[in-house]
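Given the structure is predicted, the values throughout are model-derived calculations rather than measurements. Heads up: numbering here begins at 1 and tracks the sequence.
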Amino acid sequence: MSHIHYTRARPSKASVATEATVMLLLATLVLLLVTHLPDEVFHPGSKSFLFAVGLIGAWRYSWWFVQAIRSVWYNRRMFPRLRAEADAVGANETPDALYILCTSFRIDTEVTFAVYDALIRDAADYGVPTTLFAAIADRSDVDIIDQVMDEHGWPANVSVRYMFQKGDGKRSAMAEVLRAISRCMPTPRSLLVSMDGDIRIEPGTLERSLSFFLAREDLGAITTNNSAVVIGNDMTKEWYDLRYAQRHLVMSSTAVSERLLVLTGRYSAFRADLATEPEFIELVENDHVEHWRFGNFKFLSGDDKSTWFWLLKHRWKMLYLPDVHVTGFEELPDRRRFFKSTQDLMRRWFGNMLRTNGRAIALGPSRMGWFTWWSLVDQRLSMWTTLIGPTIAILLTLFVRPSFIFAYLLWIVMTRGLTSLVLAWQRGRWSALWVPMLYYNQLSGAVLKTYVSFRFNRQRWSRQGISAGEPDDPRAARHQRLGGHLIHTLYFGALVFALAVFGGVMAPADRLSVAAMVGARPASTDADDNRWLALALADVPQDGSVQLPPGHFRIDGGFNAAVASLDRIRGTDIHGHDDPDHPSVLQIDPGLSAQITSGDTTLASAGRLQCNEPRPCRLRIGGQDIRLTELSLSLDERRGEDKVLAQNRQ
């Protein structure tokens with residue numbers, strides 16, 4: 001990909017051929033699903049599936065559409081007013097000084113040249129006294145930056161200071177630069193831009209972004225819209241652009257509350273006097289968390305989360321500038337392995353989020369407003385609710401009805417298609433690849449978030465090849481990992497169990513089962529079967545049948561009381577074992593025999609009845625008739641004689 005001209009490269013997008021192919025495949029899939037969707041999908045037994053997926057989907061998408069509406073409001077109504085105010089002030093005022101912190105680590109020479117060429121040109125045009133702190137790792141970067149300065153005639157208002165990184169991560173490099181800036185004694189009207197060494201700014205970026213600080217004294221930080229020049233295939237290009245489209249929507253939505261959920265490290269600006277506070281610098285360099293299972297461990301990456309948390313904690317407002325774009329030069333860690341590389345990146349991003357999310361929620365809504373606070377809470381909830389739909393679909397497909405998977409696939413294509421159109425409306429472009437990628441991002445993201453949430457002490461920075469967070473003792477590290485596996489399994493197992501019960505894959509213990517477990521039937525061989533048979537009639541589905549195994553069973557007048565103690569009985573049939581060699585025999589106490597009939601004959605008069613499908617018997621109980629089939633009924637004369645003897649003894 002050496003043919004890319006980095007100084008003029010435009011944001012990447014998929015080719016027309018790829019887009020046409022994906023659109024054709026999606027249209028074919030929808031057509032096949034709609035025309036061949038089995039009728040049994042809408043069987044009454046599908047209600048639990050449709051209800052669960054629909055209910056969770058309604059909740060998740062209603063929240064997402066709230067975000068979308070707020071995003072439109074911010075971009076169409078609120079931000080134009082803010083832009084007009086900032087431009088009016090910026091036309092007459094400038095900051096006292098500008099400090100730019102740019103961190104680079106082993107970035108290609110062409111990229112470094114393009115980044116500093118755009119940065120120095122814009123700083124020279126802005127005209128504000130600017131000190132550029134280049135936190136670099138290689139001596140060759142000095143030659144490149146000096147060459148850029150030479151080509152621009154060493155602008156009088158721009159000076160460059162080089163600071164070599166230790167190689168232990170970005171945080172220490174940022175802290176050293178911030179301390180150097182603090183020694184410059186920045187005034188309250190001095191500003192700081194923090195950016196990565198692979199971000200190219202557009203002409204006018206500094207003027208159009210920094211003017212907001214001059215118009216708003218309560219503004220602590222801003223961040224901008226992002227685009228990407230991607231080295232990779234069409235799928236990689238659209239994956240990055242989709243993430244930026246989603247970022248634009250969420251950033252715009254939260255900016256309505258004048259708060260953000262992160263200050264992106266690619267390009268953000270701060271008041272210099274805030275960024276040089278000792279507490280701010282300490283948090284950037286040594287941010288850590290105290291955890292009940294992991295102990296005290298230091299953060300490796302996620303400096304943008306640390307700076308954001310400090311401003312949030314101290315009640316400073318933040319804004320997102322949707323009309324200012326910066327361009328990142330993006331490349332997956334391994335271009336040949338899309339899924340592994342994207343999951344490695346998401347694992348690092350989600351780890352940064354989860355390590356800071358809990359303490360931010362603990363600040364409470366009074367620090368940031370209810371909407372921002374709930375957005376943070378939703379980050380915790382969504383990683384589990386996203387798993388509900390696919391888990392239920394898999395369970396019901398495997399254990400209830402295979403056709404469920406077709407309904408779920410149709411649901412995925414329709415909902416993600418609609419979501420992609422809303423994103424395209426605000427992003428200004430649409431890609432057919434966004435439809436499957438939305439589901440990939442959501443599902444793999446939810447799985448990764450739940451995985452990381454039990455192991456967020458484990459950190460790795462792929463570009464710099466460093467890791468941190470686990471104990472140095474291998475045995476202690478193994479114990480931590482085992483604990484994470486066990487707790488994760490427990491949580492996910494509980495989710496699967498609850499969904500299996502709710503979806504009808506597993507039935508919860510009914511009253512009959514509970515009665516059997518607690519020993520409701522006395523141990524005596526002469527015990528009646530009144531209680532469990534009444535419970536069975538109550539627990540079967542409406543108008544269902546109770547199936548008796550082979551054997552002898554006894555009921556007496558207590559059966560009436562057992563039925564009366566229940567709310568209602570749903571069963572309408574008692575069906576015996578239909579094997580003549582192993583029949584089901586029901587022995588009836590004479591006191592109950594008058595309630596059983598076969599045609600015009602009662603059990604009391606006949607003494608014995610044979611109930612089958614051609615000639616069923618009926619038991620009148622609780623105001624309704626119970627149909628008896630494949631049963632041999634007989635009077636329990638011995639039980640009657642026992643009662644007479646007992647009465648005589650009294």
Asks: Of all heavy-atom pairs between Ala562 and Arg531, which one has the smallest distance, and what is that distance?
Replies: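 For Ala562 and Arg531, the tightest heavy-atom pair comes out as O-NH1, 4.1 Å.
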Asks: Is it the case that the ring center of Tyr491 lies less than 6.0 angstrom away from the ring center of Phe454?
Replies: yes
Asks: Is the CZ atom of Arg429 crowded by more than 12 outside heavy atoms at less than 6.0 Å?
Replies: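 Enclosed: over 12 neighbouring heavy atoms sit under 6.0 Å from CZ of Arg429.
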Asks: Tell me whether the NZ or CZ atom of Arg455 lies within the 45° cone about the ring axis of Tyr451 and under 6.0 Å from its centre.
Replies: yes
Asks: Show, in sequence, the C-alpha distance, side-chain angles and deciding distance for Leu438 and Ile412, and conclude whether the side chain to side chain contact (heavy atoms under 4.5 Å, CB included) test is met.
Replies: CA-CA 10 Å; Leu438 273 169; Ile412 290 171; over 6 Å; no
Asks: I'd like to check Leu381 versus Trp59 (side-chain heavy atoms, cut-off strictly below 4.5 Å). Are they in contact?
Replies: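 Leu381 reaches Trp59 side chain to side chain.
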Asks: How close do Ala432 and Met23 get, heavy atom to heavy atom, and via which atoms?
Replies: CB-CG, 3.3 Å
Asks: Could you walk me through whether Gln426 and Ser252 satisfy the side chain to side chain donor-acceptor pair (under 3.5 Å) test, starting with their C-alpha distance in whole Å, then the side-chain angles of each, then the deciding distance to 0.1 Å, before giving a yes or no?
Replies: CA-CA 10 Å; Gln426 299 194 56; Ser252 298; 5.3 Å; no
Asks: Examine Arg70 relative to Phe65 and say whether NZ or CZ is less than 6.0 Å from the centre of the six-membered ring and inside a 45° cone about the ring axis.
Replies: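 Judged by the rule, Arg70 and Phe65 form no cation-pi pair.
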Asks: Between Glu290 and Arg359, does at least one N-O distance fall below 4.0 Å, as a salt bridge requires?
Replies: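 Salt bridge absent between Glu290 and Arg359.
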Asks: Backbone N or O of Leu376 within a donor-acceptor pair of the Asn357 side chain at under 3.5 Å?
Replies: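 Yes.
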Asks: In Å, rounded to the nearest 0.5 Å, how long is the span from CG of Leu242 to CH2 of Trp430?
Replies: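 Leu242 atom CG to Trp430 atom CH2 measures 12.0 Å (nearest 0.5 Å).
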Asks: Could you tell me whether a side-chain N or O of Ser253 sits under 3.5 Å from a main-chain N or O of Leu249, the two making a donor and an acceptor?
Replies: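 Not a single qualifying donor-acceptor pair exists.
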Asks: Check whether the side chains of Asp529 and Trp532 place a donor and an acceptor atom closer than 3.5 Å, and report yes or no.
Replies: yes
Asks: Between Ala534 and Phe559, which heavy-atom pair has the shortest distance, and what is it?
Replies: N-CE1, 3.8 Å
Asks: Tell me yes or no: between the side chains of Thr21 and Thr18, is some donor less than 3.5 Å from an acceptor?
Replies: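 There is no such pair between these side chains.
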Asks: If I compare all heavy atoms of Trp373 with all of Gly364, which pair ends up nearest, and what's the gap?
Replies: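 Where Trp373 meets Gly364 most closely, the heavy atoms are CD1-C, 3.6 Å.
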Asks: Has the side chain of Gln67 got a donor or acceptor atom that lies under 3.5 Å from a matching backbone atom of Val250?
Replies: no
Asks: Does the side chain to side chain contact (heavy atoms under 4.5 Å, CB included) test come out yes or no for Ile574 and Gln547, once each step is laid out?
Replies: CA-CA 6 Å; Ile574 298 177; Gln547 176 68 54; over 6 Å; no
Asks: Out of curiosity, Arg608 CZ to Leu603 CG, how far, rounded to the nearest 0.5 Å?
Replies: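 Between atom CZ of Arg608 and atom CG of Leu603 there are 9.5 Å.
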Asks: I'd like to know if the side chain of Asn530 reaches the main chain of Ile555, judged simply by a donor and an acceptor atom lying under 3.5 Å from each other, with no hydrogens or angles considered.
Replies: no
Asks: Is the positively charged end of Arg243 above the ring of Trp239, judged by distance under 6.0 angstrom from the centroid and angle within 45° of the axis?
Replies: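 Checked: cation-pi criterion met.
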Asks: For Leu635 and Pro590, work out which heavy atoms get closest and say how close.
Replies: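 Minimum heavy-atom separation between Leu635 and Pro590: CD2-CA, 4.0 Å.
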Asks: Ignoring hydrogens and geometry, is there a side-chain-to-backbone donor-acceptor pair from Thr386 to Met383 under 3.5 Å?
Replies: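 No, Thr386 side chain to Met383 backbone: no donor-acceptor pair under 3.5 Å.
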Asks: Is a side-chain donor or acceptor of Ser444 paired with a backbone partner of Tyr440 at a separation under 3.5 angstrom?
Replies: yes
Asks: Between OG of Ser593 and CD of Gln587, what distance do you get to the nearest 0.5 Å?
Replies: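 One gets 13.0 Å once the value is rounded to the nearest 0.5 Å.
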Asks: Is the distance from the ring center of Tyr240 to that of Trp434 below 6.0 Å?
Replies: no
Asks: Counting distance only, does the side-chain N/O of Thr397 pair as donor-acceptor with the main-chain N or O of Ile405 below 3.5 Å?
Replies: yes
Asks: Would you please test Glu238 and Glu19 for side chain to side chain contact (heavy atoms under 4.5 Å, CB included) and show each step?
Replies: CA-CA 10 Å; Glu238 292 302 340; Glu19 294 287 0; 3.7 Å; yes
Asks: So Pro549 and His577, do their side chains get closer than 4.5 Å, heavy atoms only?
Replies: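 No, side chains not in contact.
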Asks: Taking side chain as C-beta onward, heavy atoms only, is Val66 less than 4.5 Å from Ser62?
Replies: no
Asks: With a 4.5 Å limit on heavy-atom distance, are the side chains of Met346 and Lys449 in contact?
Replies: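 A side-chain contact under 4.5 Å is absent here.
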Asks: Give a yes or no on this: more than 12 heavy atoms of other residues, nucleotides or ligands lie within 6.0 Å of atom CZ of Arg615.
Replies: no
Asks: Hey, does the side chain of Ser341 reach the backbone of Asp334 with a donor-acceptor pair shorter than 3.5 angstrom?
Replies: yes
Asks: Would you check, one step at a time, whether the test side chain to side chain contact (heavy atoms under 4.5 Å, CB included) holds for Trp384 with Ile388?
Replies: CA-CA 7 Å; Trp384 293 104; Ile388 290 177; over 6 Å; no
Asks: Distance only, no hydrogens: is a donor on one side chain within 3.5 Å (strictly under) of an acceptor on the other, for His575 and Ser545?
Replies: no
Asks: Can a donor-acceptor pair be found between the side chains of Gln595 and Arg620 at a distance below 3.5 Å?
Replies: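 Looking only at side-chain atoms, Arg620 and Gln595 do not form any donor-acceptor pair under 3.5 Å.
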Asks: To the closest 0.5 Å, what do you measure between CD (Gln610) and OG1 (Thr629)?
Replies: 11.0 Å
Asks: For Glu630 and Ser584, does a side-chain donor sit closer than 3.5 Å to a side-chain acceptor?
Replies: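 Distance-only check fails for Glu630 and Ser584.
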Asks: Evaluate whether atom CG of Asp581 has more than 12 neighbouring non-hydrogen atoms of other residues, nucleotides or ligands under 6.0 angstrom away.
Replies: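 Yes, enclosed.
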Asks: Could you measure the distance from the CD1 atom of Ile394 to the CZ atom of Phe399? Nearest 0.5 Å is fine.
Replies: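 Taking CD1 in Ile394 and CZ in Phe399, the distance rounds to 10.5 Å.
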Asks: Taking the side chain as everything from C-beta on, heavy atoms only, tell me whether Leu261 gets closer than 4.5 Å to Thr254.
Replies: yes
Asks: What I'd like to find out is whether the side chain of Ile569 reaches to under 4.5 Å of the side chain of Val563, using heavy atoms alone.
Replies: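 Sidechains of Val563 and Ile569: in contact.
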Asks: Report the distance from atom CG of Leu537 to atom OG1 of Thr572, rounding to the nearest 0.5 Å.
Replies: 9.0 Å
Asks: Is there side-chain contact between Arg627 and Arg618, with heavy atoms separated by less than 4.5 Å?
Replies: yes
Asks: Below 4.0 angstrom, N of the basic side chain to O of the carboxylate: do Lys340 and Asp344 qualify?
Replies: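 Yes, Lys340 and Asp344 are salt-bridged.
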Asks: Can you give me the closest heavy-atom contact between Leu332 and Thr342, atom names plus distance?
Replies: CD2-CG2, 4.0 Å
Asks: Verify, without hydrogens or angle tests, whether Gln343 (side chain) and Leu448 (backbone) share a donor-acceptor contact under 3.5 angstrom.
Replies: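 Flag not set: sc Gln343 to bb Leu448 has no pair under 3.5 Å.
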Asks: Would the distance check show the side chain of Thr236 and the main-chain N or O of Gly232 forming a donor-acceptor pair, the cut-off being under 3.5 Å?
Replies: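 Side chain of Thr236 to backbone of Gly232: no pair is present.
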Asks: Could you go through Thr602 and Ser605, starting from their C-alpha distance and side-chain angles, then the distance that decides it, and tell me whether this counts as side chain to side chain donor-acceptor pair (under 3.5 Å)?
Replies: CA-CA 5 Å; Thr602 65; Ser605 61; 3.1 Å; yes
Asks: Can you check whether Asp573 reaches Leu628 side chain to side chain, under 4.5 Å on heavy atoms?
Replies: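 Asp573 vs Leu628: side chains apart.
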Asks: So if I apply the side-chain contact (heavy atoms from CB on, under 4.5 Å) rule between Leu609 and each of Cys617, Ser634, Ser632, which one comes out positive?
Replies: Cys617
